[in-house]
Amino acid sequence: MKIFEKAPAKINLVLDVLRKREDGYHEVEMIMTMVDLADRISMEELPRDTIIISSQAGYIPLDEKNLAFQAARLIKERYGVTKGVYIHLDKRIPVAAGLAGGSSDAAATLRGLNRLWGLGISPYDLQVLGSELGSDVPYCVAGGTAIARGRGEKLEPIASPPQSWVVLAKPPINVSTADVYGRLNAGGIAEHPSVNRMRQALEQKDFAGICRGLGNVLEEVTMALHPEVRQLKECMLRLGAEGVLMSGSGPTVFGLVSRQAKAQRVYNGLRGFCKQVYAVRLLTSR
């Protein structure tokens with residue numbers, strides 16, 4: 001039997017950092033939602049006790065450094081599964097982009113293996129398991145639109161955005177999330193974005209309000225390291241995107257666009273700026 005799972009990319013509509021915690025992590029408050037750009041993952045049982053990962057992408061690790069591998073190992077160890085699994089990652093989400101591609105792959109692996117092996121793990125327990133792999137994994141297990149607090153593992157589902165388009169553009173650089181957070185002075189943040197205002201705009205399906213409420217306190221840190229991220233954001237605004245923000249720790253910048261024709265114009269204009277450009281829909285499952 002072969003199991004298939006989609007692993008959608010996420011974007012941060014709001015990313016706020018409240019403080020640095022005693023355990024070294026940062027206390028965050030974020031609103032995340034998913035877009036229709038996804039990796040596709042197939043899982044097939046193997047008779048011997050091993051984990052094998054393959055991918056058409058030549059630039060990702062296929063061993064224990066891969067989050068999907070770690071997810072498979074974790075679920076096998078925790079639930080005493082002695083069978084093996086062959087996992088194929090059909091990568092579509094850019095790597096090290098601030099779009100949670102690796103985290104979403106891990107989440108899809110947890111969901112898929114729960115089905116493949118009939119383990120009966122509840123959605124909440126899958127999220128708890130995911131929190132051992134990374135801060136974005138619990139959200140990626142749950143999907144939809146949610147407020148994430150704590151390290152990102154405390155989730156509150158909320159209303160999804162209205163149907164609209166999002167143009168994603170990743171400049172040809174990779175950004176280290178740990179490096180960006182390490183350079184952030186959490187106590188010196190001048191302006192915090194409002195999670196409550198964004199939540200209200202989402203509940204009212206107020207597209208203009210969502211665009212006005214976008215905010216990410218990591219932007220300035222990443223832009224200081226990589227000025228091309230600021231240039232990309234300015235370019236996207238000039239081309240007519242209605243709300244523009246860097247996702248996660250970057251370097252991907254996304255633009256919210258209300259109409260398909262305008263999304264196509266923004267997409268076409270950005271193709272000369274960088275190679276990795278996508279025009280997709282926001283996922284509006286809730």
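As the structure is a prediction and not an experimental result, all values here were calculated from the model.
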*Would you check, one step at a time, whether the test side chain to side chain contact (heavy atoms under 4.5 Å, CB included) holds for Leu129 with Leu110?*
CA-CA 8 Å; Leu129 207 58; Leu110 293 176; 4.0 Å; yes
*asked:* Are the side chains of Leu15 and Leu13 in contact, using a 4.5 Å heavy-atom criterion?
replied: no
*asked:* Apply side chain to side chain contact (heavy atoms under 4.5 Å, CB included) to residues Asp16 and Val28 and explain how you reach the verdict.
replied: CA-CA 6 Å; Asp16 195 13; Val28 299; over 6 Å; no
*Using atom types as modelled and distance alone, determine if a side-chain donor or acceptor of Ser164 lies under 3.5 Å from a backbone N or O of Pro162.*
yes
*If you group Ile, Leu, Val, Met, Phe, Trp and Tyr by side-chain heavy-atom gaps below 4.5 Å, do Met246 and Val257 land in one group?*
yes
*Honestly curious: do Ile52 and Leu74 fall in one hydrophobic cluster under the side-chain, below-4.5 Å linking rule?*
no
*Distance-only, no hydrogens or angles: does the Asn12 side chain make a donor-acceptor pair with backbone N or O of Gly248 under 3.5 Å?*
yes
_Minimum heavy-atom distance between Cys274 and Leu232, given as atom pair plus value_ = SG-CD1, 4.3 Å
_His88/Ser54 under side-chain hydrogen bond (donor to acceptor under 3.5 Å, both in side chains): CA gap, chis, key distance, verdict_ = CA-CA 5 Å; His88 181 74; Ser54 67; 2.7 Å; yes
_With clusters defined by side-chain heavy atoms of hydrophobic residues (ILVMFWY) lying less than 4.5 Å apart, directly or transitively, does Leu89 cluster with Tyr86?_
no
_Atom of Val266, atom of Ala241 and distance for their closest heavy-atom approach_ = CG2-N, 3.9 Å
*Would Arg78 and Glu132 pass as an ion pair if we require N to O under 4.0 Å?*
yes
*asked:* If we ignore hydrogens and angles and just use 3.5 Å, is the side chain of Thr252 paired with the main-chain N or O of Ala97 as donor and acceptor?
replied: yes
*Can you name the nearest heavy-atom pair linking Pro94 to Leu37, along with the distance?*
CD-CD2, 4.1 Å
*In plain terms, say whether Arg281 and Asp36 are close enough for a salt bridge, that is, a side-chain N and a carboxylate O under 4.0 Å apart.*
no
*List for me each residue that meets side-chain hydrogen bond (donor to acceptor under 3.5 Å, both in side chains) alongside Gln200, sequence neighbours excluded, and say none if there are none.*
none
*For side chain to side chain contact (heavy atoms under 4.5 Å, CB included), just list the numbers for Val128 and Leu126, CA-CA rounded to whole Å, side-chain angles, deciding distance to a tenth of an Å, and then say yes or no.*
CA-CA 5 Å; Val128 172; Leu126 276 183; over 6 Å; no
_Check against side-chain hydrogen bond (donor to acceptor under 3.5 Å, both in side chains), Glu153 and Ser135_ = CA-CA 6 Å; Glu153 82 284 5; Ser135 298; over 6 Å; no
*Has the side chain of Ser104 got a donor or acceptor atom that lies under 3.5 Å from a matching backbone atom of Cys140?*
no
*May I ask whether Phe4 and Met1 are part of the same hydrophobic cluster, defined by side-chain heavy atoms of I, L, V, M, F, W, Y residues being less than 4.5 angstrom apart, directly or through others?*
no
*Indicate yes or no: at least one non-hydrogen side-chain atom of Pro251 is less than 4.5 angstrom from one of His226.*
no
*Rounded to the nearest 0.5 Å, what's the gap from CG on Asn114 to CD1 on Ile121? Could you check?*
4.0 Å
*Expected output: side-chain Lys91 to main-chain Ala38 donor-acceptor under 3.5 Å*: no
_Met198 side chain near Val14 side chain, heavy-atom distance below 4.5 Å_ = yes
*Can you tell if the side chain of Ser258 reaches within under 4.5 Å of the side chain of Gln163, non-hydrogen atoms only?*
no
*Out of Arg265, Arg271, Gln264, which residue meets the side chain to side chain donor-acceptor pair (under 3.5 Å) rule with Asn268?*
Gln264
_Please determine whether the number of non-hydrogen atoms from other residues, nucleotides or ligands lying under 6.0 Å from atom NZ of Lys76 exceeds 12._
yes
*Under 3.5 Å, is there a donor-acceptor pair between the side chain of Asn66 and the main chain of Pro61?*
yes
*Should the heavy atoms of other residues, nucleotides or ligands under 6.0 Å from CD of Glu191 be counted, would the total exceed 12?*
no
*Do Lys10 side-chain atoms and Gly98 backbone N/O form a donor-acceptor pair below 3.5 Å?*
yes
*Distance-only, no hydrogens or angles: does the Ser103 side chain make a donor-acceptor pair with backbone N or O of Asp136 under 3.5 Å?*
no
*Hey, are the side chains of Phe254 and Leu214 touching, using non-hydrogen atoms and a 4.5 Å cut-off?*
yes
_Run the side chain to side chain contact (heavy atoms under 4.5 Å, CB included) test on Val280 and Val167 for me, step by step, so that the C-alpha distance in whole Å, both residues' side-chain angles and the decisive distance to 0.1 Å come before the verdict._
CA-CA 6 Å; Val280 295; Val167 180; over 6 Å; no
*asked:* Distance check, rounded to the nearest 0.5 Å: Gln70 atom CD versus Ile53 atom CD1?
replied: 9.0 Å
*asked:* Could you report the tightest heavy-atom contact between Ala169 and Pro171, atom names first, then the distance?
replied: O-CD, 3.7 Å
*Could you tell me whether Glu156 and Arg199 have a side-chain N and a carboxylate O separated by less than 4.0 Å?*
yes
*Does Arg149 pair with Glu27 as a salt bridge, N-O distance under 4.0 Å?*
no
*Can you list the steps and then say if Ser249 with Thr177 is a side-chain hydrogen bond (donor to acceptor under 3.5 Å, both in side chains)?*
CA-CA 6 Å; Ser249 56; Thr177 300; 2.9 Å; yes
*asked:* Quick check: is Leu133 connected to Tyr181 through a chain of hydrophobic side chains (ILVMFWY, heavy atoms under 4.5 Å apart)?
replied: no
*Between Arg230 and Glu219, is there a side-chain N and carboxylate O pair less than 4.0 Å apart?*
no
*So, the side chain of Gln127 versus the backbone of Tyr139: is there a donor-acceptor pair under 3.5 Å, distance only?*
no
*Is it true that atom OH of Tyr124 has more than 12 heavy atoms of other residues, nucleotides or ligands lying nearer than 6.0 Å?*
no
*Drop me the distance from Ile147's CD1 to Ile31's CD1, to the nearest 0.5 angstrom.*
5.0 Å
*asked:* Does any part of the side chain of Leu202, heavy atoms only, come nearer than 4.5 Å to the side chain of Ile210, both counted from C-beta?
replied: yes
*Would you mind reporting whether Ile87 and Asp105 have side-chain heavy atoms less than 4.5 Å apart?*
no
*So how far is it from Glu228 CD to Thr222 OG1, rounded to the nearest 0.5 Å?*
11.0 Å
*Report the distance from atom CG of Leu62 to atom CZ of Phe69, rounding to the nearest 0.5 Å.*
10.5 Å
_Ion pair check, Lys6 and Asp39, cut-off under 4.0 Å_ = no
*Taking side chain as C-beta onward, heavy atoms only, is Arg92 less than 4.5 Å from Arg40?*
yes
*Taking atom CZ of Arg212 and atom CZ of Phe207, what is their separation to the nearest 0.5 Å?*
11.0 Å
*Would you mind telling me which of Leu283, Ile93, Leu168 makes a side-chain contact (heavy atoms from CB on, under 4.5 Å) with Val35?*
Leu168
*Heavy atoms only: give me the nearest Leu116-Glu45 pair and the separation to one decimal.*
CD2-N, 3.9 Å
*State, to 0.1 Å, how close Val221 and Val217 come at their nearest heavy-atom pair, and which atoms those are.*
CG2-O, 4.5 Å
